[in-house]
Amino acid sequence: MPVLKENYDVCVVGAGHAGCEAALACARLGLDTILFTISMESIAMMPCNPNIGGSSKGHLVREVDALGGEMGINIDHTFIQSKMLNKSKGPAVHSLRAQADKIEYTGRMRQVLQSTDNLTLRQAEVAELIVVDHVIRGLKTVSGAEYSCKAVVLCTGTYLRAKCLYGNVVNHTGPNGLQAADHLTDSLKANGIKMYRFKTGTPARIDGRFVDYSKMQEQFGDKRVVPFSFTTDPESVQIDQVSCWLTYTNENTHEIIRDNLDRSPLFSGAIEGTGPRYCPSIEDKVVRFADKDRHQVFLEPEGNHTNEMYIGGMSSSLPEDVQYAMYRTVPGLENARIVRNAYAIEYDCIDSRQLKPSLEFKDIDGLFSGGQFNGSSGYEEAAAQGLIAGINAAMKIQCREPLILDRSEAYIGVLIDDLVTKENLEPYRMMTSRAEYRLLLRQDNADLRLTEKGYQVGLISKERYEYVKKKERLIGDEISRVKKVHLGATAPVQKLLSSYGSRELASGISLAELIRRPELDYDKLAPVDKDRPDLSTDVREQVNIYIKYEGYITRQMKQVKQFKRQEAKKLPTDYDYTEIKGLRLEAQQKLNLYKPISIGQASRISGVTPADVSVLLVWLEQRKGAER
C-alpha cells in the first residue's frame with residue numbers, strides 16, 4: 001500500500017508555546033520547516049491561566065523578544081490588562097505581567113505561523129521517531145506517513161498519554177478536552193529515552209454574570225503600560241483595560257476541602273504524577289499550610305468576548321459537587337456557576353538530564369526538545385526553551401555553533417542550566433531567586449544583553465541591532481556626563497531637595513550622589529541639571545538604575561568574571577571519568593551521567609564536591625600539558 005513520504009529540513013512536534021517559537025525560529029532562518037499539531041485549535045493555546053509574564057517569567061518573555069522570538073509581540077497585540085509587578089522593590093525583581101484575551105492570543109499566533117515563509121502547519125499525530133545509528137532521520141504519523149528531515153524538535157507539552165482527572169472522573173484527553181497523543185511515548189522509550197510522569201492542574205472557569213464583584217477588591221492595570229516587546233511602540237499599548245478582582249478563601253472553604261480529601265485523586269492515589277511545588281492545588285494548600293485561615297483568590301477575565309472567569313489560586317481535582325460547594329463559600333462567588341470544571345492533568349515528559357545545554361539529546365544526534373516535555377512548567381519557560389531548541393536545530397543543520405546562554409547572561413541560561421544539570425523530580429518553575437546574578441539580568445535590559453546574540457544568529461534585523469548599539473552608547477555617554485556634573489548649595493537646588501523631603505546641602509555635591517538618594521532619581525533632578533540632553537524613556541531608565549546601584553552592579557560583575565573563568569575551562573563530553581584517579585565514586589558516576597561541558601557546569605552537579613572539582617582542574621591541566 002502506498003505511503004506518503006515528504007522531505008523537510010526540520011520537523012517540530014507540538015504547536016504550543018514552545019513549538020511555535022521553535023518552528024518560527026527555524027523557518028525565519030531559512031529552513032523548510034513543518035509544524036505538527038494534534039489539533040489546529042491547540043496552537044499557542046492557554047489551557048490554564050490567561051496571562052503572560054509574572055515574577056521572573058516576565059524576564060523570560062523579554063529575553064525571548066530580544067533574541068527574535070514572537071511571544072512578547074503577540075501579547076502586546078492581545079492583552080486586556082498589564083501590570084508591572086514588584087514595583088515597590090528593586091529593579092532586579094520588577095516583572096511585567098499581562099492578562100491575555102485567550103482567543104485573540106491563539107488566533108494571532110496562528111495567523112503569524114500561517115503567513116511565515118518556509119513554514120507548513122500540519123494537523124496530525126506523530127507516532128514514531130525514525131532513528132538510524134543514533135541519528136534522527138525523520139518521523140512517522142499515526143496514518144503511516146513518513147517525513148524525513150535533518151532535525152526534529154519535540155515540544156509535546158502535556159499531551160503525551162495525557163489523562164485529566166477530577167474526583168473519580170478520568171478522561172483520557174489532553175488539556176481543554178483536546179485529543180491526547182498516545183503513541184509517541186513508546187517510540188521514545190524504544191530509543192532509550194528516560195521518561196517521567198508529571199502532573200499539573202487548573203481551576204474551574206465560572207460565568208462572570210453570576211459574580212458579586214461588590215464583595216471583592218478591584219485590581220487595576222498600570223496607568224502607563226510598558227510593552228513586552230522592545231519593538232512595540234509604547235503609545236500603541238495605552239488601551240482601556242479590564243479589571244481583575246481579589247477575594248479570599250475562608251475557614252468554611254477549608255473545612256469543605258478537608259472533609260473531602262479522600263475523594264481527591266491527589267490524595268487517594270489515583271494520580272501517579274508529581275505536581276509543581278510552587279503552584280499547588282487548593283487542597284494541597286489547605287493541607288500544607290494548615291495554619292493559614294485564608295488564601296488569595298484572583299478572578300481573571302479570559303477575554304473581551306466571553307463571560308468566562310478564571311479562578312486563580314484555586315486549582316483543584318476535587319469532585320464536581322465539592323467544587324461547587326467550596327467555590328460558593330468564597331465572598332463574591334456565592335452564586336457561582338461553573339462553565340468548565342477544575343481538573344488535574346497527568347502527562348509523560350523526559351528526564352531533562354539527557355539533554356545537552358543546546359537542548360539536543362546527548363544520545364540521538366539531531367533530536368532537540370523544549371517546553372513542558374522537558375519537565376518544566378509555564379508558557380514562558382516553554383517559549384524560551386522552544387526558541388533555543390529551534391535556533392540550535394537550525395545552527396546544527398547550517399553547521400554553525402549552537403547558541404548556549406550561560407547563567408550570567410540570561411534567565412534563559414539559568415532555566416536551561418538547571419534543567420540539564422539538576423535532577424528535577426517535579427515540574428520546574430522559573431523564579432528570580434534561582435538567578436545568582438539577577439541584578440544584572442533585569443527585565444529592563446534584556447535587549448542590551450541579548451539583541452547582539454539574536455543578530456548573530458540571524459533572527460534580529462541589522463536596523464534593530466544598530467538601534468540597540470546606539471542606545472548602549474547613549475547610556476554610557478550619559479552615565480559619564482552625570483558623574484562629572486557638580487551642583488552647589490544654591491536656592492533652586494535646596495528648594496527641589498526640600499520638595500522631595502530630601503536633606504538640603506551643606507556644600508557642593510555630584511549629581512550622581514544625589515541620584516543615589518532613595519527619595520530622588522535621574523528624572524526628579526532634571527530641573528537643576530542644565531546641560532541634560534533630551535533622551536528617550538528607556539535610556540533615562542538605564543542611566544538611573546546604573547547610577548543608583550553602581551556599587552552592587554560592579555560587585556556582581558566581578559562575580560561573573562570568576563564564573564566565566566570556570567565556564568571557559570571546557571571538559572570533553574566523551575570521556576570516561578572512572579579513569580581519573582582521586583575522583584570519588586559518586587563524582588565519577590555523576591560526571592559520566594551528565595557529561596558536563598565545563599568545570600563550571602560540573603561544579604553545579606549534585607554529588608560533585610569542591611574536592612572533586614580540584615581533582616578535575618589538576619587533571620585538565622595535565623591533559624592540556626600532554627597535548628602540547
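FYI, side chains are in, hydrogens and waters are out, and symmetry mates aren't considered; it's all heavy atoms of this structure. Throughout, numbering of the chain's residues begins at 1 and tracks the sequence.
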Contacts of K422 meeting salt bridge (charged side-chain N to carboxylate O under 4.0 Å, His left out) (sequence neighbours excluded), chain-then-number -> D418
Inspect the contact between R407 and E436 and indicate whether a charged nitrogen and a carboxylate oxygen are less than 4.0 angstrom apart. yes
Contacts satisfying ring-ring contact (aromatic ring centres under 6.0 Å, His included) that involve residues 506-546 (not counting sequence neighbours) are none
Do R353 side-chain atoms and V420 backbone N/O form a donor-acceptor pair below 3.5 Å? no
Pairing donors with acceptors under 3.5 angstrom, does anything connect the side chains of E300 and N51? yes
Whether the N392 and E360 side chains hold a donor-acceptor pair (N or O, under 3.5 Å, no angle test) is what I'd like checked.
no
Taken in chain and number order and not counting sequence neighbours, the residues that satisfy side chain to side chain donor-acceptor pair (under 3.5 Å) with R540 are D523
* Is the side chain of K570 donor-acceptor paired with the backbone N or O of E567 at a distance under 3.5 Å, no angle test? -> yes
ask   = Just by modelled atom types, is the K89 backbone N or O under 3.5 Å from a matching donor or acceptor in the N86 side chain?
value = no
K396 and E401 ion-paired at < 4.0 Å:
no
Distance col, row I545:CD1 vs R442:CZ, nearest 0.5 angstrom, shows 4.5 Å
- Message: Testing the 3.5 Å rule here: is there a donor-acceptor pair between the side chains of S243 and Q81?
- Response: no
Taking E472 for its side chain and V468 for its backbone only, find out whether a donor-acceptor pair lies under 3.5 Å. no
Can you give each donor-acceptor pair under 3.5 Å made by side-chain atoms of residues 495-506, sequence neighbours left out, with the distance rounded to 0.1 Å?
{"unit_1": "S499", "atom_1": "OG", "unit_2": "L496", "atom_2": "O", "d": "2.6"}
{"unit_1": "S502", "atom_1": "OG", "unit_2": "R517", "atom_2": "NH1", "d": "2.7"}
{"unit_1": "S502", "atom_1": "OG", "unit_2": "E519", "atom_2": "OE2", "d": "2.5"}

For the pair D222 and R224, find out whether any cationic side-chain nitrogen is under 4.0 Å from an anionic carboxylate oxygen.
-> no
- Query: More than 12 heavy atoms of other residues, nucleotides or ligands under 6.0 Å from CD of Q456: is that the case?
  - Reply: yes
Those residues at least two apart in sequence (or on a different chain) that pass ring pair (Phe, Tyr, Trp, His ring centres under 6.0 Å) with Y379 are H17
Next on the checklist: Using modelled atom types and a 3.5 Å cut-off, is there a donor and acceptor pairing between side-chain atoms of S603 and backbone atoms of G600?
Outcome noted: yes
Can you confirm whether more than 12 heavy atoms, excluding those of K564, are under 6.0 Å from its NZ atom?
yes
query = Any chance the side chains of E513 and S510 put a donor and an acceptor closer than 3.5 Å?
reply = yes
* Going by atom types only, do D406 and S408 share a side-chain donor-acceptor pair under 3.5 Å? -> yes
Check: Is S480 reaching over with its side chain to a backbone N or O of G476, donor-acceptor style, under 3.5 angstrom?
Finding: yes
I'd like to know if the side chain of R28 and the backbone of A25 have a donor-acceptor N/O pair within less than 3.5 Å. no
Hits for ring pair (Phe, Tyr, Trp, His ring centres under 6.0 Å) against Y455, two or more places apart or cross-chain, chain-then-number order -> Y465
Is there a donor-acceptor contact under 3.5 Å linking the side chains of D612 and T609?
yes
Heavy-atom distance under 4.5 Å between the side chains of K362 and Y594, does that happen here? yes
Checklist entry - Is any NZ, NE, NH1 or NH2 atom of the basic residue among D65 and R464 found under 4.0 Å from an Asp or Glu carboxylate oxygen of the other? => result yes
Residue set satisfying side-chain contact (heavy atoms from CB on, under 4.5 Å) with K548, at least two apart, ordered chain then number -> I515, D521, N544
- Item | Any side-chain donor near an acceptor of the partner, D76 and S229, under 3.5 Å | no
Residue pairs meeting salt bridge (Lys or Arg N to Asp or Glu O under 4.0 Å), one or both in residues 372-382, sequence neighbours left out, come to K57-E380, K57-E381
### Task
Under the salt bridge (Lys or Arg N to Asp or Glu O under 4.0 Å) rule, what do K483 and E550 come out as? Steps first, then yes or no, please.
CA-CA 12 Å; K483 288 182 175 180; E550 184 176 13; 2.5 Å; yes
So ring-ring contact (aromatic ring centres under 6.0 Å, His included) across residues 393-419, not counting sequence neighbours, yields H59-Y411
Of R97, Q443, M71, the one forming a side chain to side chain contact (heavy atoms under 4.5 Å, CB included) with V61 is M71
Hits for side-chain contact (heavy atoms from CB on, under 4.5 Å) against V226, two or more places apart or cross-chain, chain-then-number order -> R62, M84, L96
Applying ring pair (Phe, Tyr, Trp, His ring centres under 6.0 Å) to F563 and not counting sequence neighbours gives Y437
- With no hydrogens and no angle check, do the side chains of S369 and N374 hold a donor and an acceptor under 3.5 Å apart? yes
Item to complete: Spell out, as yes or no, whether a donor-acceptor pair under 3.5 Å connects the side chain of Q238 to the backbone of V225.
Response: yes
side-chain contact (heavy atoms from CB on, under 4.5 Å) filter on A384, not counting sequence neighbours, yields L60, V64, I412, L415
